Amino acid sequence: MKTRKNDQQRLDDLITIMKKSGFLNDDKVESAIRKIPRHEFVPISLKEEAYEDAPLSIMKNQTISQPSVVSRMTEWLDIREGQKILEIGSGSGWQTAILSYLVGNGKVYSIERHSELVEFAKKNLDKLGITNVKVILGDGSLGFPEESPFNRIIITAACKKIPEPLLGQLSTDGLLIAPVGEFQQSLVLLKNTPQGIVEIKNQPGYVFVPLLGKIDDKKTE
Ligand code: SAM
(Lines give C-alpha, C1' and ligand atoms only; values in the text may rest on other atoms or scores of the structure.)
Protein backbone atom coordinates (compact mmCIF):
# COMPACT_ATOMS: atom_id res chain seq x y z
CA MET A 1 0.00 0.00 0.00
CA LYS A 2 1.27 3.49 -0.88
CA THR A 3 1.56 5.76 2.19
CA ARG A 4 0.80 9.49 1.92
CA LYS A 5 3.85 11.73 2.08
CA ASN A 6 4.21 14.01 5.08
CA ASP A 7 5.07 17.73 4.83
CA GLN A 8 8.79 17.08 5.33
CA GLN A 9 8.91 14.58 2.44
CA ARG A 10 6.93 16.97 0.23
CA LEU A 11 9.29 19.82 1.09
CA ASP A 12 12.30 17.62 0.29
CA ASP A 13 10.73 16.76 -3.09
CA LEU A 14 10.02 20.44 -3.78
CA ILE A 15 13.61 21.40 -2.96
CA THR A 16 14.89 18.66 -5.30
CA ILE A 17 12.64 19.91 -8.13
CA MET A 18 13.71 23.55 -7.62
CA LYS A 19 17.39 22.58 -7.60
CA LYS A 20 17.05 20.45 -10.75
CA SER A 21 15.21 23.23 -12.58
CA GLY A 22 17.87 25.77 -11.58
CA PHE A 23 15.57 27.92 -9.46
CA LEU A 24 17.35 27.11 -6.18
CA ASN A 25 21.13 27.38 -5.99
CA ASP A 26 21.94 29.24 -2.79
CA ASP A 27 22.36 27.37 0.52
CA LYS A 28 21.11 30.30 2.60
CA VAL A 29 17.94 30.57 0.51
CA GLU A 30 17.47 26.80 0.80
CA SER A 31 17.77 27.09 4.60
CA ALA A 32 15.17 29.87 4.59
CA ILE A 33 12.73 27.84 2.47
CA ARG A 34 13.27 24.83 4.75
CA LYS A 35 12.86 26.94 7.91
CA ILE A 36 9.68 28.84 6.91
CA PRO A 37 6.90 26.24 6.55
CA ARG A 38 4.75 27.19 3.53
CA HIS A 39 1.81 25.16 4.89
CA GLU A 40 1.46 27.78 7.67
CA PHE A 41 0.82 30.48 5.03
CA VAL A 42 -1.99 28.90 2.98
CA PRO A 43 -5.69 28.54 3.79
CA ILE A 44 -6.52 25.31 5.69
CA SER A 45 -8.27 23.87 2.62
CA LEU A 46 -5.00 24.07 0.62
CA LYS A 47 -2.54 22.68 3.19
CA GLU A 48 -2.18 19.43 1.21
CA GLU A 49 -0.98 21.47 -1.78
CA ALA A 50 1.42 23.73 0.11
CA TYR A 51 4.53 21.96 -1.23
CA GLU A 52 3.47 21.94 -4.88
CA ASP A 53 5.60 24.26 -7.00
CA ALA A 54 2.58 26.40 -7.83
CA PRO A 55 0.94 29.66 -6.78
CA LEU A 56 -2.17 29.04 -4.64
CA SER A 57 -5.23 31.20 -4.04
CA ILE A 58 -5.32 32.95 -0.69
CA MET A 59 -8.10 35.56 -0.54
CA LYS A 60 -9.22 38.76 -2.31
CA ASN A 61 -8.30 37.04 -5.64
CA GLN A 62 -4.62 37.07 -4.65
CA THR A 63 -2.07 34.28 -4.53
CA ILE A 64 0.81 33.00 -2.44
CA SER A 65 3.65 33.03 -4.96
CA GLN A 66 5.13 29.94 -6.60
CA PRO A 67 8.07 28.59 -4.55
CA SER A 68 10.51 28.52 -7.47
CA VAL A 69 9.73 32.17 -8.26
CA VAL A 70 10.14 33.17 -4.61
CA SER A 71 13.47 31.35 -4.60
CA ARG A 72 14.69 33.06 -7.78
CA MET A 73 13.68 36.55 -6.60
CA THR A 74 15.25 35.98 -3.19
CA GLU A 75 18.49 34.68 -4.71
CA TRP A 76 18.77 37.63 -7.10
CA LEU A 77 18.25 40.04 -4.21
CA ASP A 78 21.40 38.69 -2.51
CA ILE A 79 20.19 39.57 0.98
CA ARG A 80 22.70 40.12 3.79
CA GLU A 81 22.21 40.03 7.55
CA GLY A 82 21.29 43.33 9.13
CA GLN A 83 19.74 44.85 5.98
CA LYS A 84 16.58 46.93 5.77
CA ILE A 85 14.14 45.57 3.19
CA LEU A 86 10.97 46.97 1.67
CA GLU A 87 8.46 44.51 0.24
CA ILE A 88 5.47 45.62 -1.82
CA GLY A 89 2.66 43.05 -1.64
CA SER A 90 2.70 40.97 1.56
CA GLY A 91 0.03 38.49 0.38
CA SER A 92 0.26 35.54 2.78
CA GLY A 93 3.51 36.77 4.35
CA TRP A 94 5.50 33.72 3.19
CA GLN A 95 8.01 35.66 1.09
CA THR A 96 8.10 38.23 3.91
CA ALA A 97 9.04 35.52 6.41
CA ILE A 98 11.82 34.25 4.13
CA LEU A 99 13.22 37.78 3.90
CA SER A 100 12.96 38.17 7.68
CA TYR A 101 14.96 34.95 8.20
CA LEU A 102 17.72 36.14 5.87
CA VAL A 103 18.12 39.64 7.36
CA GLY A 104 18.47 38.26 10.90
CA ASN A 105 18.75 41.32 13.11
CA GLY A 106 17.76 43.57 10.18
CA LYS A 107 14.19 44.64 9.45
CA VAL A 108 11.54 43.98 6.81
CA TYR A 109 8.80 46.50 6.00
CA SER A 110 6.00 44.95 3.96
CA ILE A 111 3.13 46.94 2.46
CA GLU A 112 -0.17 45.36 1.44
CA ARG A 113 -3.23 47.10 0.01
CA HIS A 114 -5.90 44.63 1.30
CA SER A 115 -6.63 44.88 5.03
CA GLU A 116 -7.75 41.20 5.10
CA LEU A 117 -4.34 40.18 3.75
CA VAL A 118 -2.51 42.45 6.20
CA GLU A 119 -4.30 40.55 8.99
CA PHE A 120 -3.65 37.16 7.33
CA ALA A 121 0.07 37.89 6.87
CA LYS A 122 0.42 39.23 10.42
CA LYS A 123 -1.32 36.16 11.86
CA ASN A 124 0.92 33.82 9.86
CA LEU A 125 4.10 35.68 10.88
CA ASP A 126 2.99 35.71 14.54
CA LYS A 127 2.48 31.93 14.49
CA LEU A 128 6.21 31.58 13.76
CA GLY A 129 7.20 34.16 16.38
CA ILE A 130 8.68 36.51 13.77
CA THR A 131 9.34 39.96 15.26
CA ASN A 132 11.59 41.76 12.75
CA VAL A 133 8.76 42.50 10.30
CA LYS A 134 6.31 45.39 10.14
CA VAL A 135 3.29 44.77 7.88
CA ILE A 136 1.66 48.02 6.78
CA LEU A 137 -1.73 48.64 5.15
CA GLY A 138 -1.26 50.98 2.21
CA ASP A 139 -0.39 51.62 -1.39
CA GLY A 140 3.09 50.21 -1.92
CA SER A 141 3.53 52.01 -5.23
CA LEU A 142 4.31 55.07 -3.09
CA GLY A 143 6.93 53.14 -1.09
CA PHE A 144 7.56 53.91 2.57
CA PRO A 145 9.51 57.18 2.65
CA GLU A 146 9.54 57.40 6.45
CA GLU A 147 11.92 54.41 6.67
CA SER A 148 13.88 54.91 3.43
CA PRO A 149 16.50 54.33 2.13
CA PHE A 150 16.25 50.54 1.84
CA ASN A 151 19.08 48.15 1.02
CA ARG A 152 16.68 45.97 -0.94
CA ILE A 153 13.21 46.49 -2.45
CA ILE A 154 11.06 43.65 -3.76
CA ILE A 155 7.80 44.15 -5.65
CA THR A 156 5.73 40.96 -5.67
CA ALA A 157 3.04 42.14 -8.13
CA ALA A 158 3.29 42.95 -11.84
CA CYS A 159 3.96 46.58 -12.70
CA LYS A 160 3.85 48.17 -16.16
CA LYS A 161 6.80 50.21 -15.06
CA ILE A 162 8.62 50.42 -11.77
CA PRO A 163 7.02 53.17 -9.66
CA GLU A 164 9.37 56.18 -9.50
CA PRO A 165 9.01 56.73 -5.73
CA LEU A 166 10.50 53.27 -5.10
CA LEU A 167 13.61 54.03 -7.13
CA GLY A 168 14.15 57.10 -4.97
CA GLN A 169 13.97 55.00 -1.79
CA LEU A 170 16.82 52.63 -2.69
CA SER A 171 20.13 53.12 -0.90
CA THR A 172 23.39 53.48 -2.83
CA ASP A 173 24.37 50.00 -4.08
CA GLY A 174 20.84 48.87 -3.17
CA LEU A 175 19.00 46.30 -5.33
CA LEU A 176 15.39 46.32 -6.47
CA ILE A 177 13.58 43.38 -8.06
CA ALA A 178 10.21 43.51 -9.79
CA PRO A 179 8.11 41.68 -12.37
CA VAL A 180 7.65 44.23 -15.16
CA GLY A 181 5.12 43.92 -17.97
CA GLU A 182 1.40 43.79 -18.59
CA PHE A 183 0.19 40.28 -19.54
CA GLN A 184 3.50 38.49 -19.04
CA GLN A 185 6.33 39.92 -17.05
CA SER A 186 10.10 39.93 -17.05
CA LEU A 187 11.88 39.73 -13.74
CA VAL A 188 14.02 42.84 -13.63
CA LEU A 189 16.86 43.43 -11.18
CA LEU A 190 18.07 47.01 -10.80
CA LYS A 191 21.00 48.46 -8.87
CA ASN A 192 21.33 52.00 -7.57
CA THR A 193 24.93 52.86 -8.50
CA PRO A 194 26.70 56.22 -7.98
CA GLN A 195 26.14 56.73 -11.73
CA GLY A 196 22.40 56.08 -11.44
CA ILE A 197 20.00 53.14 -11.73
CA VAL A 198 21.45 50.26 -13.77
CA GLU A 199 19.71 47.08 -14.96
CA ILE A 200 21.63 44.02 -13.76
CA LYS A 201 19.31 41.19 -14.88
CA ASN A 202 16.22 40.79 -17.02
CA GLN A 203 14.49 37.46 -17.58
CA PRO A 204 11.13 37.03 -19.35
CA GLY A 205 8.46 34.40 -18.79
CA TYR A 206 6.69 35.20 -15.51
CA VAL A 207 3.04 35.89 -14.64
CA PHE A 208 2.03 37.80 -11.51
CA VAL A 209 -1.15 39.42 -10.22
CA PRO A 210 -1.10 43.17 -10.99
CA LEU A 211 0.23 45.94 -8.82
CA LEU A 212 -2.70 48.29 -8.30
CA GLY A 213 -1.90 51.71 -6.98
CA LYS A 214 -1.73 55.45 -7.48
CA ILE A 215 1.59 55.41 -9.26
CA ASP A 216 1.00 52.50 -11.61
CA ASP A 217 -1.43 53.51 -14.33
CA LYS A 218 -3.76 50.50 -14.05
CA LYS A 219 -7.25 51.07 -12.74
CA THR A 220 -7.81 49.97 -9.14
CA GLU A 221 -10.41 47.24 -8.41
N1 SAM B 1 4.71 37.01 -2.10
C2 SAM B 1 3.38 36.87 -1.55
C3 SAM B 1 3.25 35.54 -0.87
O4 SAM B 1 4.18 34.73 -0.95
O5 SAM B 1 2.19 35.29 -0.29
C6 SAM B 1 2.35 36.99 -2.62
C7 SAM B 1 2.20 38.33 -3.17
S8 SAM B 1 0.85 38.42 -4.30
C9 SAM B 1 1.49 37.65 -5.71
C10 SAM B 1 0.89 40.17 -4.68
C11 SAM B 1 0.31 41.02 -3.58
O12 SAM B 1 0.49 42.38 -3.94
C13 SAM B 1 -1.18 40.83 -3.35
O14 SAM B 1 -1.41 40.49 -2.02
C15 SAM B 1 -1.77 42.20 -3.67
O16 SAM B 1 -2.91 42.54 -2.88
C17 SAM B 1 -0.59 43.11 -3.40
N18 SAM B 1 -0.64 44.43 -4.05
C19 SAM B 1 -1.01 44.75 -5.31
N20 SAM B 1 -0.89 46.08 -5.51
C21 SAM B 1 -0.42 46.61 -4.35
C22 SAM B 1 -0.07 47.92 -3.91
N23 SAM B 1 -0.18 49.00 -4.73
N24 SAM B 1 0.37 48.10 -2.66
C25 SAM B 1 0.49 47.04 -1.81
N26 SAM B 1 0.18 45.76 -2.16
C27 SAM B 1 -0.27 45.56 -3.41
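Each ligand, and each atom within it, is numbered from 1 in the order the structure gives. Since the structure is predicted, the reported quantities are computational estimates derived from the model, not experimental observations.
For atom 4 (O) of ligand 1, the closest non-hydrogen atom of the protein is S65 N, 3.5 Å. From the protein, the heavy atom lying nearest to atom 24 (N) of ligand 1 is G140 N, 2.8 Å. When hydrogens are left out, the protein atom nearest atom 22 (C) of ligand 1 is L212 O, 3.5 Å; that is the closest non-hydrogen contact. What sits closest to atom 6 (C) of ligand 1 on the protein, heavy atoms only, is T63 O, 3.1 Å. Nearest protein heavy-atom contact of atom 21 (C) of ligand 1 is R113 CD, 3.3 Å.
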Exercise. Show your reasoning for whether side chain to side chain donor-acceptor pair (under 3.5 Å) applies to Q95 and T156.
Key: CA-CA 9 Å; Q95 166 85 75; T156 69; over 6 Å; no

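Between the N192 side chain and the L170 main chain, a donor and an acceptor come within less than 3.5 Å of each other.
For the pair K19 and F23, the cation-pi test (distance below 6.0 Å, angle within 45°) is failed.
Surrounding NZ of K47 are more than 12 heavy atoms belonging to other residues, nucleotides or ligands, all under 6.0 Å away.
Inclusion of W94 in the set of residues having an N or O under 3.5 Å from an N or O of ligand 1 is not warranted. By the 3.5 Å distance cut-off applied to N or O atoms, D139 is counted among the residues near ligand 1.
Residue S90 touches ligand 1 through its backbone alone, judged by heavy-atom distances below 4.0 Å. Counting heavy atoms closer than 4.0 Å to ligand 1, residue I64 contributes atoms from both its backbone and its side chain.
Residues Q83 and F150 form no side-chain contact, since every pair of their non-hydrogen atoms from C-beta on lies 4.5 Å or further apart.
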